[in-house]
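Before any comments, here is the structure.
Proteins get letters first, then strands, A, B, ... in listed order; numbering begins at 1 in each.
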Number of protein chains: 2
Amino acid sequence: MARIRTINKGTRRELINDTAAALFRAKGFTASSMRELAEKMGVEAPSLYNHIGSKGEILHSICFKIAREFLHNMKQVMQMPANELTRIEAIIRFHLFMMLNHYDEVFVANHEWRQLEEPARSEFLSLRNQYEQQFSQIISQGIKAGEFKKVEPQIAVLVILSAVRGLEFLNLAKKHRNTPNLTTDITNHLLKGLIP
Amino acid sequence: MARIRTINKGTRRELINDTAAALFRAKGFTASSMRELAEKMGVEAPSLYNHIGSKGEILHSICFKIAREFLHNMKQVMQMPANELTRIEAIIRFHLFMMLNHYDEVFVANHEWRQLEEPARSEFLSLRNQYEQQFSQIISQGIKAGEFKKVEPQIAVLVILSAVRGLEFLNLAKKHRNTPNLTTDITNHLLKGLIP
DNA sequence: TGACAAAACTAACGGTTATTAGTTTTTATA
DNA sequence: TATAAAAACTAATAACCGTTAGTTTTGTCA
């Protein structure tokens, strides 16, 4: 069953990772078995090991792929020629975009990273801290420029990230159907609050 | 090792539940073993079954105890003679209070309810929906009274609950030390936003 | 078509899981 | 101090886990 050789190298592994992301999101990493994952792939469990090294490696791939993407976006946002409000808005919108378009992987990265084995777990946390620190820096600059209220930057970061990470989208996105409005509404709430 | 009979009835079970909550928060429900829980209690694993029915029963106790407490508070808030803004503020403050004072149990209820077996899982989700619906109703009334902006109530509920459920406090609470300020800052952000 | 490699298969492994059955120890009360 | 209940213990169970070794099937290209 050889594929197109060099071009599709890794394609089968990516399909496993995607299937695993959906499974891990629905049931949790530890509660998901390799046999169950294999069944979803229409294959016996040992066959998976022709493509991956271990169960933990799948979780590792998912978590760090997502972490890299968020850090990459953060880097671009910080290089943008724009005011700090625009930057924060761009970050929130990226989070929502990722949640809506890569729900399973983002959810797994946000909820199952605790199951990573050391030292991967610490490395992942380090990337997260790095991300939050850069986020915090943007808010500090915005306060200095008078764009934001004089809040504790760390708390603002915590509130925004917590809000945006925990959103359970499936129910809402189905009802709402109008994604741009959904995103705008959430962004507005986090930036402008509830009170007129 | 008989205790004071009737008075302390259930005390041993409660100690198991508390110990389990700390363990489940740190490692996740499925990744935690009964042997590990027993070790933390200074006991062999089978001894636990003199006090509890099953591992799943522990998770059930934790999740539904927390759900009851939140619904009880919601009921009281809705009966309060106050405007809707005050009500929302009271709800947010209760969430933060519970997070700070019953961190393990609240965290487990928020993150591990997926591991409940049917029909408990559906029942838990039903209680959650009930809670969110009552929350949504308060926001609708606030909009009608002109206290709030004309937002989608469901989205406001989702943003606030998502923010407040996901907060990872321990790091922050240790640094901050000043809990009243912490609570006020978070409440202010969720109600008044970031922009002056 | 024959050769080669990719990817599937079966069988089995040691280890861990939650849980039971039956027994012994501990402890409070009468 | 004798009694009875509460709560600990040891031993063992069947089920399931991730993973390996070795073999067979499948598909592609020369």
Side-chain angles (χ1 to χ4, degrees), chain A residues 1-21 23-24 26-63 108 112 114-118 120-121, chain B residues 1-21 23-24 26-63 108 112 114-118 120-121:
Chain A
M1 202 188 263
R3 297 294 159 123
I4 305 154
R5 290 280 187 120
T6 50
I7 295 183
N8 278 20
K9 180 71 177 177
T11 272
R12 194 86 178 121
R13 190 204 321 253
E14 283 165 22
L15 184 57
I16 292 178
N17 283 343
D18 290 348
T19 310
L23 182 63
F24 293 170
K27 305 198 52 175
F29 172 75
T30 314
S32 304
S33 76
M34 294 301 280
R35 285 171 173 82
E36 203 172 354
L37 172 57
E39 193 180 12
K40 299 226 179 237
M41 298 276 305
V43 137
E44 294 298 318
S47 303
L48 298 171
Y49 288 83
N50 284 321
H51 308 282
I52 57 144
S54 70
K55 186 190 181 190
E57 187 190 278
I58 301 176
L59 181 63
H60 188 284
S61 294
I62 295 171
C63 290
V108 168
E112 299 293 333
R114 279 164 217 272
Q115 308 299 331
L116 288 168
E117 291 170 5
E118 293 293 356
R121 188 185 143 123
Chain B
M1 201 187 264
R3 298 294 160 122
I4 306 154
R5 290 287 186 116
T6 49
I7 294 182
N8 279 18
K9 179 69 175 177
T11 272
R12 194 87 178 121
R13 191 205 319 256
E14 284 166 21
L15 184 56
I16 292 177
N17 283 342
D18 290 348
T19 309
L23 183 63
F24 293 170
K27 306 197 49 172
F29 171 75
T30 316
S32 305
S33 76
M34 294 300 280
R35 284 170 174 83
E36 204 170 354
L37 173 57
E39 193 180 10
K40 298 223 180 241
M41 298 277 305
V43 137
E44 295 298 319
S47 304
L48 298 171
Y49 289 84
N50 283 321
H51 310 282
I52 57 142
S54 69
K55 185 189 181 190
E57 186 191 277
I58 301 177
L59 181 63
H60 187 283
S61 293
I62 296 171
C63 290
V108 168
E112 299 294 333
R114 279 164 217 272
Q115 307 300 332
L116 289 168
E117 289 170 5
E118 293 293 356
R121 189 184 142 122

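Straight-line distance from the CE atom of B:M34 to the C1' atom of C:dT20: 13 Å, rounded to whole Å. Atoms NZ (B:K27) and P (C:dT16) sit 12 Å apart, rounded to a whole Å. Atom CZ of B:R13 is separated from atom P of D:dA6 by 13 Å (rounded to the nearest Å). Residue B:R35 contributes atom CZ, which lies 13 Å from atom C1' of D:dT10 at whole-angstrom precision. Separating the CG atom of A:L37 from the C1' atom of D:dC16 is a distance of 16 Å, rounded to the nearest angstrom. In this structure, B:E36 atom CD and C:dG15 atom C1' are separated by 16 Å, rounded to whole Å.
Near DNA chain D, meaning a heavy atom under 4.0 Å away, the residues from residues 39-53 of chain B are B:V43, B:E44, B:P46, B:S47, B:N50, B:H51.
A 6.0 Å sphere centred on CD of A:E57 holds more than 12 heavy atoms belonging to other residues, nucleotides or ligands.
For B:N17 against B:I62, the heavy-atom pair with the smallest separation is O-CD1, 3.9 Å.
Although no hydrogens or angles enter the test, the distance criterion places a donor-acceptor pair under 3.5 Å between the side chain of B:E112 and the main chain of B:F29.
Within the 4.0 angstrom heavy-atom criterion, no nucleotide atom of any strand lies near A:T30.
Contact of the A:T11 side chain with the A:L15 side chain is not registered, since no non-hydrogen atoms from C-beta on lie closer than 4.5 Å.
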Throw together a table of side-chain donor-acceptor distances under 3.5 angstrom for residues 41-51 of chain B, partners on residues two or more places apart or in other chains.
residue	atom	partner	partner atom	Å
B:S47	OG	B:E44	O	3.4

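By the side chain to side chain contact (heavy atoms under 4.5 Å, CB included) test, A:A26 pairs with no residue at all, sequence neighbours left out. With sequence neighbours left out, B:S33 forms a side chain to side chain contact (heavy atoms under 4.5 Å, CB included) with B:R35, B:E36. Every residue meeting the side chain to side chain contact (heavy atoms under 4.5 Å, CB included) condition with B:E118, not counting sequence neighbours, appears here in chain and number order: B:R121, B:S122.
Between the OG1 atom of B:T30 and the CG atom of B:L59 there is a distance of 8.5 Å, given to the nearest 0.5 Å.
With hydrogens and angles ignored, no donor-acceptor pair under 3.5 angstrom links the side chain of B:R12 to the base of D:dA7.
The end-to-end axis angle of the helix from C:dT1-D:dA30 to C:dA30-D:dT1, rounded to 10 degrees and based on five pairs per end, is 10°.
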